[in-house]
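Computation of the quantities below employed the complete heavy-atom set of this structure, encompassing side-chain atoms and omitting hydrogens, waters and symmetry-equivalent molecules. For the single chain, residues carry numbers from 1 onward in sequence order. Atoms within each ligand, like the ligands themselves, are counted from 1 in listed order.
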Amino acid sequence: MRYEDVYRRSVEEPEAFWAEEAHRIYWHVPPQQILDYSNPPFRRWYVGGQTNLCYNAVDRHLAERPDQLALVAISTETNVTREITYRQLYREVNAFAAVLQRLDVQRGDRVVIYMPNMAEAVFAMLACARIGAIHSVVFGGFAAHNLALRIDDAQPKLLIAADAGKRGGKVIPYKAMVDAACAEAASPPPHVLIVSRGLDPAEPKLPGRDVDYATLRAEVGDQDVPVVWLESSEPSYLLYTSGTTGKPKGVQRDVGGYAVAMAQSMQTVFDCKPGQVMFSTSDVGWAVGHSYNVYGPLIGGCTSLLYEGLPTNPDPGIWWALCEQYNVRTLFSSPTAVRVLKKHDVDFIARHDLDALKYVFLAGEPLDEPTAHWINDALGKPIIDNYWQTETGWPALTLLPGVDMKPVRFGSPGFPNLGYRMKVIDENTGEEVAAGQKGVLVMTPPLPPGCMSTVWRDDDRFIQSYFSHFKELLYSSLDWAIRDEDGYTFILGRTDDVINVAGHRLGTREIEECIAGHPLVAEAAVIGVKDELKGQVPLVFVTLRQAVQGDPGTVITEMMQRVTQSLGALARPAHIHIVNALPKTRSGKLLRRSLQALAEERDPGDLSTLDDPAALDEIRRALSQ
Ligand code: ATP
Ligand code: MG
């Protein structure tokens, strides 16, 4: 099978193609119509079909693989590992669903889940799916205010929380944040269900509102809860975007299209077959966590590893030790995580037997070449860059080793995934640009199955945010891209990440890559700041792999020279600041807009998704020197 042939069919005969793909999942009632696109840009896949995500992820495997591991939840924070077979998963999910029913959660009700990477988070998600409730997982690292915003948007019937989480040994009292969020929210849920691991004994209970999971679990016992069959386009879950560019959007996902996209991508993109093992290092609170810690691997009959803890604890070899121990075939992580590991000895990788490991996929932000080379050299396995968004729910640009693996080209996430009609256009004329030319990456609707249906209860925002940038009806989340002669697409960053120096447009990413090529640099962030003379000039913040011996001025001069030599004098940074940490969102994305605002002495804006406030303080100090 050639990629080109399969791809062409997927976009030229989408209905025939997706009709065949539908057979990858179980339908209680088969779809009557494959695609309804009568109301663009909204589209419905598999109209009239009835199915259920939980049934496909759990029940369907009971006959063939009851004793195979479904989920391995490893915590290096609590030092507990739970190995859960499909049969046990069925038990736990049914029990959880029975508890939800006790709390009067019904089809269409929202349930906010605020938990770290622990097995119960997965049980809770699948239990919601089983009874047709709409889950909305909020990343456990978010604080009370973020949680309150999402509660008010989703208006849940129930909030499920862990008593506490742990990060680097430090207890994070989730329940206290839940209390604060409920106090702040305009419409707090009537019940809070607490799954306690005994991490926070001081955690107070609010009588009437708070209920204890273990108590209810014991009361419901081992019940079977019937699956609620949903129409394909009913909402399955809500997930808010990372908020890198502002207020997060409530991405709404469907049931049937998403299930098919998950079943397909496990094989085509991740080449992970039933019985094989996938390890995604994501948090369940992100899009990757939903799709490739929970739904993808389980719908695919695989074993999914879920990891709670730092990548460096007990040592920076922990992920590789797990890959060895569980025969992981497909590892999925992020460039940020690899940059953390890059600060440590490669021997932490080399000492493990990684024969079973076939691929490493990295997604979420640009994969800079130095990082890609480092991990590639250390492992000697294909490092596959993956471009997608919370909105798409699954990879949009990738290589497809399960179909036809093209050679990796560093710096590029590859080719459009099946069903994705993508092009690179001129931002002003809307015309497709020539190969090698920079433009805006867009998708021609209807979007393929799996991608978002709409913004939760805000169809207008769906159209405004994604479909109203150009004359033609095109989807875009405003990323810059170049497609080369051979069809490889390169992502250059977001359209607001461009620096205009004296009329010349420079991508922040080009400068970042250039500086990251310096052997001492761990990570670089480049922003454009206002300049009287040139309009804008690049300003750089870097973190180093190790402290500089001697004068940091020499290193800075070397970095300046690298930029001038490879990108020209125009790209020469006005200043390079060495800092200990860069401000990032909790999902690991650089908050360039905040860096830029601080550098231009403006209000840094919405910082609700900021990971480490200390990083921003340090930037303030660096700027005031
Ligand atoms: P928000 O939409 O709320 O501002 P966000 O865009 O950061 O936040 P996500 O959906 O988590 O939220 O991230 C998707 C974005 O991440 C993409 O639009 C792109 O800018 C970037 N991205 C993801 N994968 C890659 C990749 N492989 N290479 C380059 N950029 C990537
Ligand atoms: Mg976005």
Side-chain angles (χ1 to χ4, degrees), residues 137 139 142 146 149-150 153 238-251 253 269 282-283 285-292 332-338 360-369 371-372 383-399 408-417 420 422 424 440-443 451-452 455-456 461-462 464-466 469 475-482 488-498 507-510 512-513 583-594 605-611:
V137 183
F139 171 54
F142 281 139
N146 287 289
L149 289 179
R150 287 159 176 79
D153 197 65
L238 310 180
L239 179 61
Y240 291 83
T241 61
S242 299
T244 310
T245 50
K247 187 176 163 239
K249 298 168 280 269
V251 165
R253 200 88 62 206
V269 178
S282 174
D283 189 278
W286 307 130
V288 176
H290 281 61
S291 293
Y292 299 109
F332 194 151
S333 192
S334 66
T336 304
V338 176
V360 177
F361 288 83
L362 300 174
E365 53 179 321
L367 172 60
D368 58 289
E369 287 202 40
T371 301
I383 308 300
I384 303 181
D385 187 358
N386 240 222
Y387 166 88
W388 46 306
Q389 310 154 2
T390 310
E391 291 86 342
T392 65
W394 61 306
L397 287 168
T398 186
L399 299 176
V408 170
R409 197 167 282 185
F410 282 135
S412 166
F415 298 85
N417 196 355
Y420 283 87
M422 304 174 87
V424 180
V440 182
L441 185 69
V442 297
M443 300 184 203
C451 296
M452 72 188 294
V455 172
W456 172 246
R461 194 164 178 217
F462 178 61
Q464 285 310 319
S465 305
Y466 303 109
H469 304 296
Y475 170 92
S476 184
S477 62
L478 301 178
D479 286 315
W480 287 115
I482 286 182
Y488 283 86
T489 300
F490 292 74
I491 303 292
L492 305 175
R494 296 161 201 262
T495 52
D496 49 6
D497 289 345
V498 165
T508 49
R509 182 174 173 197
E510 308 170 72
E512 281 166 9
E513 288 237 345
K584 294 188 175 180
T585 61
R586 297 305 308 246
S587 53
K589 290 159 195 280
L590 267 176
L591 271 168
R592 286 206 192 74
R593 65 179 164 83
S594 304
D606 178 10
L607 293 177
S608 54
T609 57
L610 179 70
D611 183 22

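- With a 4.0 Å heavy-atom cut-off, ligand 1 is reached by the side chain of Lys589 but not by its N, CA, C or O.
- You'll find the ring centres of Trp286 and Phe332 outside the 6.0 Å limit.
- Considering only non-hydrogen atoms, atom 30 (N) of ligand 1 lies nearest to Pro366 out of Pro366, Ala396, Ser412.
- Under 4.0 Å from ligand 1, not a single heavy atom of Leu362 appears.
- Interface atoms of ligand 1 facing Ile491, defined by a heavy-atom separation under 4.0 Å, are 29 (C), 30 (N).
- Here's the thing with Thr241: one of its N/O atoms is less than 3.5 angstrom from an N/O atom of ligand 1.
- Checking Glu391, Arg494, Lys249 against atom 6 (O) of ligand 1, the nearest heavy atom belongs to Arg494.
- For the salt bridge (Lys or Arg N to Asp or Glu O under 4.0 Å) test with Asp611, the passing option among Lys584, Lys589, Arg586 is Arg586; the others fail.
- Nearest-residue assignment for atom 17 (C) of ligand 1 (options Asp479, Leu492, Asp368; heavy-atom criterion): Asp479.
- Residues Ile491 and Leu397 have side chains in contact (heavy-atom distance under 4.5 Å, counting atoms from C-beta outward).
- Residue Gly364 has at least one nitrogen or oxygen atom sitting less than 3.5 Å from a nitrogen or oxygen atom of ligand 1, judged on distance alone.
- For the pairing with Tyr466, the side chain to side chain contact (heavy atoms under 4.5 Å, CB included) check across Met452, Gln389, Arg461 returns one residue only, Met452.
- Ligand-side atoms of ligand 1 in range of Asp385: 26 (C), 27 (N), range being under 4.0 angstrom from any heavy atom.
- In this structure, Tyr420 has its ring center at least 6.0 angstrom away from the ring center of Trp388.
- Thr398 and Asn386 form a side-chain donor-acceptor contact under 3.5 Å, judged by distance and modelled atom types alone.
- Closest heavy-atom contact between Ser476 and Leu441: OG-O, 3.0 Å.
- Contact annotation for Trp388 and ligand 1: only backbone heavy atoms (N, CA, C, O) come within less than 4.0 Å of the ligand.
- Taking every heavy atom of Ser477 and a limit of under 4.0 angstrom, the matching atoms of ligand 1 come to 18 (O).
- In this structure, NE2 in His290 is found 9.5 Å from OG in Ser282, a value given to the nearest 0.5 Å.
- Ligand 1 has no atom lying under 4.0 Å from any heavy atom of Leu367.
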